[in-house]
Number of protein chains: 2
Amino acid sequence: MGIAERKARERVHRRNAIVDAAEDVIFKHGFSVATMAQVAKAAELSKGTLYLYFKSKEELYRAIILRGFVILKKMLREATKEGKTGYDKVIIVGKTYVEFSEKYPNYFTTILDYENDTFNLAAAEAESLQALEEGNAVITILVRAIREGVKDGSIIEQGNPFDTAFVLWSQFTGVLQVMKRKINIIEHYFSLTKEDLLSTHWRMIERMLK
Amino acid sequence: MGIAERKARERVHRRNAIVDAAEDVIFKHGFSVATMAQVAKAAELSKGTLYLYFKSKEELYRAIILRGFVILKKMLREATKEGKTGYDKVIIVGKTYVEFSEKYPNYFTTILDYENDTFNLAAAEAESLQALEEGNAVITILVRAIREGVKDGSIIEQGNPFDTAFVLWSQFTGVLQVMKRKINIIEHYFSLTKEDLLSTHWRMIERMLK
DNA sequence: TCATATAATGACTGCTGGTCATTTTAATAG
DNA sequence: CTATTAAAATGACCAGCAGTCATTATATGA
């Protein structure tokens with residue numbers, strides 16, 4: 001049945017092409033400003049066709065969010081290979097998260113939208129669940145690093161490593177979010193730079209874990 | 001000029017009544033689902049009248065955000081009076097933030113929307129600037145507590161207290177955000193409760209500051 | 001009582017996400 | 001090569017929305 005397979009491949013390919021087009025449009029104008037008509041035009045398809053591949057504009061955006069998580073997970077996987085101790089790996093996770101936010105600011109925005117639940121993932125749709133899986137995978141990388149660190153003594157004994165991982169991740173996301181969204185205000189009113197905030201955060205993490 | 005004053009009062013009063021109505025509708029249905037027609041009906045006014053008091057739906061929402069900050073600031077001001085040492089006061093700020101998020105979940109959501117910059121405050125409108133001032137005031141309360149703590153020795157010497165305050169606040173917001181938005185997932189996949197996360201966060205803060 | 005200014009109205013517009021009857025394209029069979 | 005069927009794509013269309021503005025109602029002051 002070679003034809004059926006080819007068709008399935010084409011379908012996946014077209015789906016990805018739509019997400020590509022949606023990225024172009026949405027990253028340029030922002031989710032709420034971008035219109036499905038624009039996406040359709042960028043994809044060289046009619047608007048109706050988009051809805052053969054995605055149930056809604058939001059589901060299309062969720063596909064972009066998923067891409068962000070996949071990239072982030074890959075970066076974390078590769079980067080944590082390098083660390084010697086568990087503590088090193090935790091720091092590497094943080095550094096990599098920062099790197100991700102700088103290298104892929106648009107994808108980072110999608111992650112923040114996910115964390116903020118701007119796009120309700122309660123609906124158990126394929127795209128949502130996958131994003132969730134990827135999000136969980138990211139946390140799991142951090143959990144492993146913490147476990148390792150506790151074992152090799154580079155991290156002080158904590159309670160449950162899952163707790164520690166979630167709290168660390170949430171704190172980090174909070175700091176990065178403020179750095180992204182509010183740095184202009186902070187610079188203007190308090191004369192602080194991104195680097196100031198980050199180095200303070202690093203110092204705190206060291207004190208928390210060492 | 002008693003009449004002009006009375007008219008100004010009435011204008012303020014009506015404005016507040018509109019925000020009241022908007023809160024009812026928006027807190028019930030959510031910002032994007034709520035419509036200006038619904039708000040108008042709840043306020044017993046025509047839709048056009050709303051636009052005599054607010055430039056847009058977003059500006060109306062910003063007025064609600066501002067209310068949230070005002071309440072939070074007041075709570076923090078009063079609560080921090082009680083603390084003995086600077087460290088105590090920092091902890092009180094955190095506890096009060098948690099209390100706020102539980103007592104006024106809807107207003108807390110507006111604060112998260114502000115932090116996430118869902119409603120662009122770049123436009124230098126009165127409402128935006130006031131929200132910003134209130135946000136800054138909240139941070140300033142924390143700055144003072146940290147300064148005091150460093151002075152009285154209850155907090156270990158940090159770099160710039162502004163840095164510390166922003167990082168602490170951002171971390172806290174990050175943790176509370178995750179608790180609000182993702183706790184169902186976390187409970188389901190990792191069997192952690194809000195209390196687990198919070199107590200871990202407290203422990204970390206203590207290690208950071210003590 | 002009339003003139004003026006201020007406040008409020010709601011019909012209207014432009015635009016959007018999403019739908020669906022129709023058309024186009026591709027695969028299959030005779 | 002042609003007819004038949006299935007799958008894919010289309011775009012005119014719809015309902016609902018934020019926001020506007022000519023018109024109407026209300027209050028003030030002479």
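When reading the values below, keep in mind they use all heavy atoms of this one structure, side chains included, and skip hydrogens, waters and symmetry mates. The model shown is predicted, which means the values in this text are computed figures rather than measured ones.
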Partners of Glu195(A) by salt bridge (charged side-chain N to carboxylate O under 4.0 Å, His left out), sequence neighbours excluded?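 Glu195(A): no salt bridge (charged side-chain N to carboxylate O under 4.0 Å, His left out) contacts found.
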
Note, Lys180(B) side chain near Leu176(B) side chain (heavy atom, < 4.5 Å):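 Lys180(B) does not reach Leu176(B) side chain to side chain.
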
Any heavy-atom pair between the side chains of Tyr53(B) and Val19(B) that's under 4.5 Å?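 Not in contact.
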
Whole angstrom is fine here: how far is it from [atom1] in [X] over to [atom2] in [N]?
X: Lys41(A); N: dT10(D); atom1: NZ; atom2: C1'; value: 17 Å
X: Ile18(B); N: dA8(C); atom1: CD1; atom2: C1'; value: 11 Å
X: Glu5(B); N: dT28(D); atom1: CD; atom2: C1'; value: 16 Å
X: Phe54(B); N: dA18(D); atom1: CZ; atom2: P; value: 15 Å
X: Leu50(A); N: dT10(D); atom1: CG; atom2: P; value: 9 Å
X: Leu52(A); N: dT10(D); atom1: CG; atom2: P; value: 9 Å

Pairs touching residues 66-82 of chain A that satisfy side-chain hydrogen bond (donor to acceptor under 3.5 Å, both in side chains), sequence neighbours left out: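 Only Asp20(A)-Arg67(A), Glu23(A)-Arg67(A), Lys73(A)-Glu134(A) qualify under side-chain hydrogen bond (donor to acceptor under 3.5 Å, both in side chains).
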
I'd like a list of close polar pairs between nucleotides 16-20 of chain C and the protein, N/O only, cut-off under 3.5 Å.
| unit_1 | atom_1 | unit_2 | atom_2 | d |
| --- | --- | --- | --- | --- |
| dG17(C) | OP1 | Ala34(A) | O | 3.3 |
| dG17(C) | OP1 | Lys57(A) | NZ | 2.9 |
| dG17(C) | OP2 | Met36(A) | N | 3.1 |
| dG17(C) | N7 | Lys47(A) | NZ | 3.4 |
| dG18(C) | OP2 | Tyr51(A) | OH | 2.9 |
| dG18(C) | OP2 | Lys57(A) | N | 2.8 |
| dG18(C) | N7 | Lys47(A) | NZ | 2.7 |
| dG18(C) | O6 | Lys47(A) | NZ | 2.3 |

Any side-chain N or O of Arg11(A) under 4.0 Å from OP1/OP2 of dA7(D)?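 False: Arg11(A) side-chain N/O out of range (4.0 Å or more) of dA7(D) OP1/OP2.
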
Distances under 3.5 Å only, N/O to N/O: pair up the protein atoms with those of nucleotides 21-26 of chain C.
none

Is atom CD of Glu44(B) surrounded by more than 12 heavy atoms (other residues, nucleotides or ligands) closer than 6.0 Å?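 No - once you tally the heavy atoms of other residues, nucleotides and ligands closer than 6.0 Å, there are 12 at most.
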
Partners passing side chain to side chain donor-acceptor pair (under 3.5 Å) against Arg15(B) (at least two apart in sequence or in another chain):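 Counting only residues at least two positions away or on another chain, Arg15(B) forms a side chain to side chain donor-acceptor pair (under 3.5 Å) with Glu127(B).
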
Can you name the residues that form a side chain to side chain donor-acceptor pair (under 3.5 Å) with Thr96(B), not counting sequence neighbours?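 Partners of Thr96(B) under the side chain to side chain donor-acceptor pair (under 3.5 Å) test: none.
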
Counting the atoms with a prime plus P, OP1 and OP2 as sugar-phosphate, which does Leu45(B) contact under 4.0 Å by heavy atoms, base, sugar-phosphate, or nothing?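 Result for Leu45(B) = sugar-phosphate.
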
Select base, sugar-phosphate, or nothing to describe what Tyr53(B) touches, counting heavy atoms under 4.0 Å on all strands.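 Answer is sugar-phosphate: Tyr53(B) comes under 4.0 Å of backbone atoms only.
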
Do Lys103(B) and Phe108(B) meet the cation-pi criteria used here (NZ or CZ under 6.0 Å from the six-membered ring centre, within 45° of the axis)?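 No, Lys103(B) and Phe108(B) do not form such a contact.
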
Before giving the answer on side chain to side chain donor-acceptor pair (under 3.5 Å), spell out for Gln171(B) and His201(A) the whole-Å C-alpha distance, their side-chain angles and the decisive distance to 0.1 Å. CA-CA 9 Å; Gln171(B) 289 173 343; His201(A) 183 58; 2.9 Å; yes

